[in-house]
Every structure is written in structure tokens, then in C-alpha cells.
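This report concerns only the one structure given below.
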Amino acid sequence: MTNQNLAQLLEETADLLEIDCGDSFRIRSYRRAAEAVAQSTVAIASLVDTPEQLLEIPGIGKGMAANLQAAVRDQSIPLRDELLARYSSRILELLQLPGMGPKTVRMLWDAAQIASIDALEAAIQDGRLSGLPRMGDKQLAKLLKGIQDYRKSSGRFRIDHVEAAWQALETYLSAFPGVERVTAAGSLRRGRETAGDLDILVTGPACEPGATAPLVETVAQYPGIRDLIARGDNKISFYLQNSLQVDVRLLPASSYGAALQYFTGSKSHNVALRQRALRMGYTLNEWALARVEDGSVVAAATEEQIYAALGLDWIPPELRENMGEIEAAQAHSLPHLITLQHLRGDLHMHTQATDGHHSIEEMSEAALARGYGYIAITDHSKNLAMTNGLNEERAVQQIARIRAVDRSFAGRIRVFAGIEVDILADGTLDLPDAVLAQMPIVIASVHTGLQMPRDAMTERVLRAIENPCVRILGHATGRLLLRREPYELDLTTVLRRCAELGVAIEHNAAPERLDLCDRDLRLALELGCRLVINTDAHDTRHLDKMHFGISQLRRAWVEPAMVLNTLEAEEFLAALRPRPATPAHNPEEVTT
DNA sequence: GCCGTTTTCGGCCCGACTGTTTTCAGTCG
């Protein structure tokens, strides 16, 4: 049982307690414990036999320790089971709908015994909910739309969750004698935001025809398997505990390239490639590129050989969408895509001053260890009260602390003062310009009122970016992936104005916050926007999420020159929108 | 349910926004 699984059980217990109208402080303590478990760097499951170690974790007391022991032993928590039995095993799915919180779930249960999304949909269509409190036409329409959106996104998994499953399986498979290479194919290799399943290719002596039985048996014994779907000589499929389907394929080294190409996809890329092969007198499948007339193999061992035999440069997996990459590969004009190594700074992170988990020093050290030349500390502003957002006074104190840390690193890494300032409903910011003007990195983001009509939201953001203190627009599209309530605005108008003003567009790299899809990124570049890519890290480990965002940029054909934080510190600052003149001009302070 | 103590109870982040509430409850971050 992983920390993530344990944290989820605690979260679900908290959700159920909330539906059950339990004590709010008890609920909060379950959420705190879930957070502590998720944050822990040691495997909690390995500590359950030594409760004194569990009790050392802040937020874990006697009761939670017992819960964790039960969870590891029985895969559940007694209180959770009890509440699920009292209501319905599916009642928690209702909380996934936008605008649906515990109070409403409870009201629906009391009024009509509704305890699943299907039941809710039926009840709305029957008109059984009319007349219930807070269930007007608008609310019902919103719920129906939410149900549609939920059905669309369910069945797909966020890419970081898939990657976590992949890393565990890679470790497991690589340890088997006779396994030489373990590679992820499919959506994970192409850097998509989500994946429907996980494709894994394995090659080495243990995968040669006739020799696969011991390895197949070992795969079938993988501890994370919930249900085995199929088990053959060179393919084994199963569901993990979280219902993610995994396909493991064992391949002879001679076919590895062909299989990797085939299982990486995308479907439309492969169709186009096979058509091209046919025109050249070849046939392409998961075993080899071969001549049609006699079946003789032209290329199979590596992807490079296959693409070369088709008269193409090797195409990076992220580009394989049949969106012009085949033509570009033929003309030797594929883009030189951005990589993680091009990045010199990460400009959006939170600390203990608001809702982050580490100090300014710890975030700086972590960034230094990852090879960055500069970062910005950008905690929340006061409007995000729940995060203990900074008011005027605390913001000014925070600037002083950041500058002190910057000096203490003596140039090994630059630490810029910044803030993620909230855009209010009327487009003003929740901190005065006098404070904002003291910080080189001001990211303006919308956090509240996400249901605002499209025109009003557009006006709101347009007004915010007119403020000369704003140098970066954060969460620019509100297309928060697989999240509830994406907000809508006229993105073209906003991006065009950002380009005119020199306001950079932030691409948020964290998979749970991916703001810009491929199309949005291409639009931003077409309109002449400058991009920055940030992790929005709330702890040091979040800094490692950068590669997810880099994949997004690569999928949009982004080259390093299009992204401002590939520049060195001084050039980066100079490339941002010019800062408003500050009365007390101190050259040293202006850049720190 | 956790925590800390000026220890064994009393405190435990809060403000903006929405819809339908005719004065505010529920959701969200």
C-alpha cells in the first residue's frame, strides 16, 4: 500500500464524514493526516509495525496510527467502511461534480436517496429535484453538464499518476535477470496530459521466443495487480489497484524498434507512416518494416533505422500526431525542441509563508541542486485567505527575507522576490502597486469566481494585465486539467493584449494545473507571446514536475528561444515587461 | 482527531463568489 493509496483512504474518510455532518475539526484532522502521509518521504506502510515512529509524524496521533495500521492490513479504514455501508459505495463520486459539495450530497440523500451520478442524472431528468432547496434551473443545468464532462474524462488518468505506476513497474521488471531494456510507449512516451492505459515494452534474453515463461510468471506476480486481464507468451495485461490498465509486451531484440514505433503511436501518425511505407513498396507492422514482394526485413531493431528507411529523420515521440511532422522529417526541417536542460530558472513557487511546505532556503537549495541559475519565490496574496496569503505588511517582510536569502547564496543561485497576486472580480489586484512594484516577478492569476461569464472574465483579465506591475499572466486559460469548473475567456484577445504589453504567458508544468493545451500554446506563439514555464511548486519535490510541462511545449513544437526562462538571469529580467519606475531607486534592490 | 499547555481541555486558516436565499448557505481555493 503506497503513501498515495493511504492518503486517498484518509481523504475519502474525511469526505464521508463531511457528508455525514461530522465534527468539522475531526474532518480536518483526517485531511491533515492525509496530507502528512502524502508528503512523507518514507513508506508509511513500512512503519505500521512500529507505531512510535508513526506518532512522530505531525498530524498523526493514536487514532490515525490505528487507522493506518488497519488500512495497511485490510486495505481500508473501519470508519470509512461503516460510512460507505450507511450510504452507498458510490456516493463519493457525486463530489466529483462541479458545485457539488458534501452538504448538497447529504441533502440529495435525505430527499431522494440519491447516491450515485447515474441516480442523480435520472432524478434530474424525471424532474424529481425541482422544488428542492438550491436546485433551480440553472443549478440543474450545471449539474447535467458536469455529469457529461465527468463521463468524458473518466477512464483517463493524469499523466503523473501513470508515470508513478510506470516507475514502480520499471524498477520491478528491470530487476529480472535477462531483462535488458524496459521502455514506456503510448501516451506516456508522447507526453500527453492523460493516458488511457500504460504500454510497456521489455526486451532482452528473457524475452526471446520460447524463453518467456519465467518472466511472464514474474510479471503476473507483481504486487500492484488487482485483476489479471490476459496472459500469453509475450503479452500480459492487468489492472492496477487504481483501475489503470497496463499492457506489458515481451519482445525479441531484433523487433524492438518496430514494436516501440508501433506502440508509441499515435494512431494517426502510424496510419500516415504505413501509407508512406506502402507507397515505397514496404509494409510496416509491430515486427518490422519489410518489403511487400518478398517479406524481407528492411529495418526492425531501432526506430532510427525504420524512419531512415522511410526517408525520414527520426521524429521525437511528442510530435507524432500527423500534424506535419512527417513532411518536416522528410525536409529535414523538424524543430530543435526545447528540453529540460535548456531551462535556467523556475519562477513560480510557494513557501511556508503561505501554503508551501518548505522555506525559502530549502526551495533555493533544491533549485540549485537541479542546476537552475535563478528562481522566484511567489507566495499567494491576501485574497487567498485559506492559504494564509500575504497582506501588504507581510509581503514587504517577505521581500526582505528573500533578498537576504539571495545574498546568502552569493551568486550560486539568484533568488528573486515575487508574488502570485490575485485578480479580483473587477480586474483589480488585491495588493497595492506600491508593494507590487518592489518585486521583479509579479504573476497575476485568477483564483476565485471561476463561473463568471466569458465576457466578464475576459474583461477582468484584460484589466488586470493593464496594471504595469504585472509581468506574467498565470493560469492563463483556466483549462485546469481534469478539474472542475474550468473558467472560460476569450483567449485570443487576452493573448494578443499580452503580446502587445510584453506580459509573459505562464505555462504551468504541474500535471494537475496544466493550463495551456497544445492548441493554446501554438496560438500564443502565433500571436507573438513570450512564454515562461514554471512548476508552481509547493514543496521541493514539486520542482521535479517540470518535465511534464516540457513535454507539453515539445508537443506544441516549441524551441528554446520561445521560452524566456531558458535565458540567463539578467537577460531573463531584461526580457520581461519593463517595470514601472519606483520612487526609491536602488539598483541592487531592483533586480533582487 | 490532534496538539500543546499558562497540560488533560479548549482551540483548531478565512474571504470571494454564486444562486436563489428575499438575507444567506454552500462551494471553492
Side-chain angles (χ1 to χ4, degrees), chain A residues 10-11 13-37 51 54-68 70 77-80 94-108 110 129-143 146 350 352-357 379-391 394 420-431 445-453 456-457 460 474-475 478 480 483-487 508 510 512-513 536 538:
Chain A
L10 292 169
E11 278 289 349
T13 310
D15 288 340
L16 288 163
L17 273 172
E18 225 171 339
I19 292 168
D20 198 49
C21 304
D23 173 56
S24 65
F25 296 110
R26 189 181 178 203
I27 293 163
R28 189 182 301 165
S29 73
Y30 273 88
R31 297 207 193 282
R32 276 194 66 205
E35 175 77 8
V37 167
L54 282 180
L55 293 173
E56 278 174 24
I57 301 169
I60 308 288
K62 268 187 170 171
M64 284 302 161
N67 280 331
L68 290 169
I77 293 170
L79 179 58
R80 173 177 172 275
L94 285 170
L95 291 173
Q96 298 303 312
L97 300 175
M100 179 73 77
K103 292 281 171 16
T104 312
V105 170
R106 178 56 186 259
M107 189 268 294
L108 291 171
D110 286 341
L129 299 190
S130 316
L132 289 181
R134 295 183 309 282
M135 287 289 152
D137 291 345
K138 255 185 168 172
Q139 182 68 13
L140 293 178
K142 194 166 120 181
L143 284 174
H350 300 270
Q352 289 157 342
T354 59
D355 60 348
H357 292 98
D379 273 302
H380 289 291
S381 55
K382 64 182 176 184
N383 197 29
L384 265 69
M386 186 212 178
T387 69
N388 190 25
L390 304 175
N391 60 19
R394 290 178 60 223
E420 181 180 20
V421 64
D422 191 48
I423 302 176
L424 298 170
D426 64 358
T428 59
L429 306 175
D430 72 333
L431 285 179
S445 301
V446 169
H447 291 102
T448 60
L450 305 183
Q451 306 86 342
M452 190 175 261
M457 184 62 85
R460 174 181 181 177
H475 302 315
L480 306 181
R483 299 267 304 269
R484 318 194 220 166
E485 301 271 13
Y487 63 84
N508 204 315
E512 66 274 25
R513 294 193 177 82
D536 195 356
H538 285 66

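Predicted, not measured: the structure shown is a model, and the values here were computed from it. Chain letters run A, B, ... following the sequence lines, proteins first, then strands; residues in each count from 1.
Taking atom CG of residue Leu424(A) and atom C1' of nucleotide dG29(B), one finds them 14 Å apart after rounding to whole Å. As a whole-Å value, the separation of Met100(A) CE from dC28(B) P is 10 Å. Put simply, NE2 on His380(A) is 15 Å from C1' on dA16(B), counting in whole angstrom units. Computed from coordinates, the Met135(A) CE to dG19(B) P distance equals 13 Å when rounded to whole Å. In this structure, Ile60(A) atom CD1 and dC3(B) atom P are separated by 8 Å, rounded to whole Å. The CG atom of Leu54(A) sits 16 Å away from the P atom of dG1(B) (whole-angstrom rounding). The separation between Lys142(A) atom NZ and dG26(B) atom P is 14 Å, rounded to whole Å. Nucleotide dT20(B) holds its P atom 13 Å from the CG atom of Leu129(A), rounded to whole Å.
A 4.5 Å side-chain heavy-atom check between Leu95(A) and Ile19(A) finds at least one atom pair inside the cut-off. Looking at Leu143(A) and Met135(A), their side chains come closer than 4.5 Å, going by heavy atoms from C-beta outward. Side-chain contact check for Met386(A) versus His380(A): every heavy-atom pair is 4.5 Å or farther apart.
Between dG10(B) and dG15(B), the two P atoms lie 26 Å apart (nearest whole Å). One C1' atom belongs to dC9(B), the other to dT5(B), and the distance between them is 10 Å to the nearest Å. Between dC2(B) and dT7(B), the two C1' atoms lie 14 Å apart (nearest whole Å). Remark: the separation of the P atoms in dG26(B) and dT22(B) is 14 Å, to the nearest Å. Here, dC28(B) and dT20(B) have their P atoms 15 Å apart, quoted to the whole Å. Of the C1' atoms belonging to dT8(B) and dG1(B), the separation is 15 Å, rounded to the nearest Å. dG11(B) sits 16 Å from dT6(B) when the P atoms are compared, rounded to a whole Å.
Across all strands, Asn383(A) comes closer than 4.0 Å only to sugar-phosphate atoms, never to a base (heavy-atom distances). As judged by a 4.0 angstrom heavy-atom cut-off over every strand, Lys382(A) is placed among residues making no nucleic acid contact. Thr387(A) comes within 4.0 angstrom of no nucleic acid atom, judged by non-hydrogen atoms across all strands. Residue contacts for Asp422(A): at a heavy-atom cut-off of 4.0 Å it reaches no nucleic acid atom on any strand shown. Using a 4.0 Å heavy-atom cutoff across all strands shown, Ile27(A) reaches no nucleic acid atom at all. In this structure, Ala425(A) reaches the sugar-phosphate backbone alone: every heavy-atom distance under 4.0 Å involves primed, P, OP1 or OP2 atoms, never a base. Contacts of Pro58(A) with the nucleic acid, taken as non-hydrogen atoms under 4.0 Å apart, involve only primed sugar atoms and P, OP1 or OP2.
Here dG10(B) sits opposite dC3(B) as a Watson-Crick or G-U wobble pair (both hydrogen-bonding atom distances under 3.5 Å).
Residue His447(A) places its side chain closer to dG29(B) than to any other of dA16(B), dG29(B), dC2(B). Of the candidate nucleotides dG1(B), dC3(B), dC12(B), dG1(B) has the atom lying nearest to any side-chain atom of Met64(A). Nearest to the side chain of Met452(A), among dT18(B), dC2(B), dA16(B), sits dT18(B). Side chain of Lys138(A), nearest nucleotide from dG26(B), dC13(B), dG19(B): dG19(B). Out of dC3(B), dG1(B), dT18(B), the shortest distance to the side chain of Arg32(A) is found at dC3(B). Closest to the side chain of Leu384(A), from the set dC17(B), dG29(B), dC12(B), is dG29(B). Side-chain proximity of Lys103(A) to dG26(B), dG1(B), dT20(B): nearest is dG26(B). When the nucleotides dC13(B), dC14(B), dC17(B) are ranked by their closest atom to the side chain of Ala385(A), dC14(B) comes out on top. When distances run from any side-chain atom of Gln139(A) to the nucleotides dG29(B), dT20(B), dG1(B), the shortest one goes to dT20(B). Residue Phe25(A) has its side chain nearest to dC12(B) when only dC2(B), dG29(B), dC12(B) are considered.
In this structure, Pro453(A) and Leu132(A) both approach DNA chain B, and ranking their closest nucleotides by distance from the 5' end singles out Pro453(A). Nearest-nucleotide mapping onto DNA chain B: of Gly136(A) and Asp426(A), the residue sitting toward the 5' end is Asp426(A).
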Kindly give the atom pairs (protein nitrogen or oxygen, nucleotide nitrogen or oxygen) under 3.5 Å for nucleotides 8-11 of chain B.
none

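Between the side chains of Asp379(A) and Thr354(A), a donor-acceptor pair is found at a separation under 3.5 Å.
Residues satisfying the salt bridge (Lys or Arg N to Asp or Glu O under 4.0 Å) test with Asp110(A), not counting sequence neighbours, are Arg106(A). In this structure, Arg28(A) has no salt bridge (Lys or Arg N to Asp or Glu O under 4.0 Å) partners at least two apart in sequence or on a different chain. Qualifying side-chain contact (heavy atoms from CB on, under 4.5 Å) partners for Thr428(A), counting only residues two or more places apart in sequence or in other chains: Leu424(A), Asp426(A), Arg463(A). Residues passing the salt bridge (Lys or Arg N to Asp or Glu O under 4.0 Å) test with Asp422(A), sequence neighbours excluded: none. Considering only residues two or more places apart in sequence or on other chains, Asp430(A) meets the salt bridge (Lys or Arg N to Asp or Glu O under 4.0 Å) condition with none of them.
No donor-acceptor distance shorter than 3.5 angstrom exists from the side chain of Arg134(A) to the backbone of Thr104(A), with no hydrogens or angles considered.
Between dC13(B) and Arg28(A), a contact under 4.0 Å exists linking OP1 or OP2 to a side-chain N or O.
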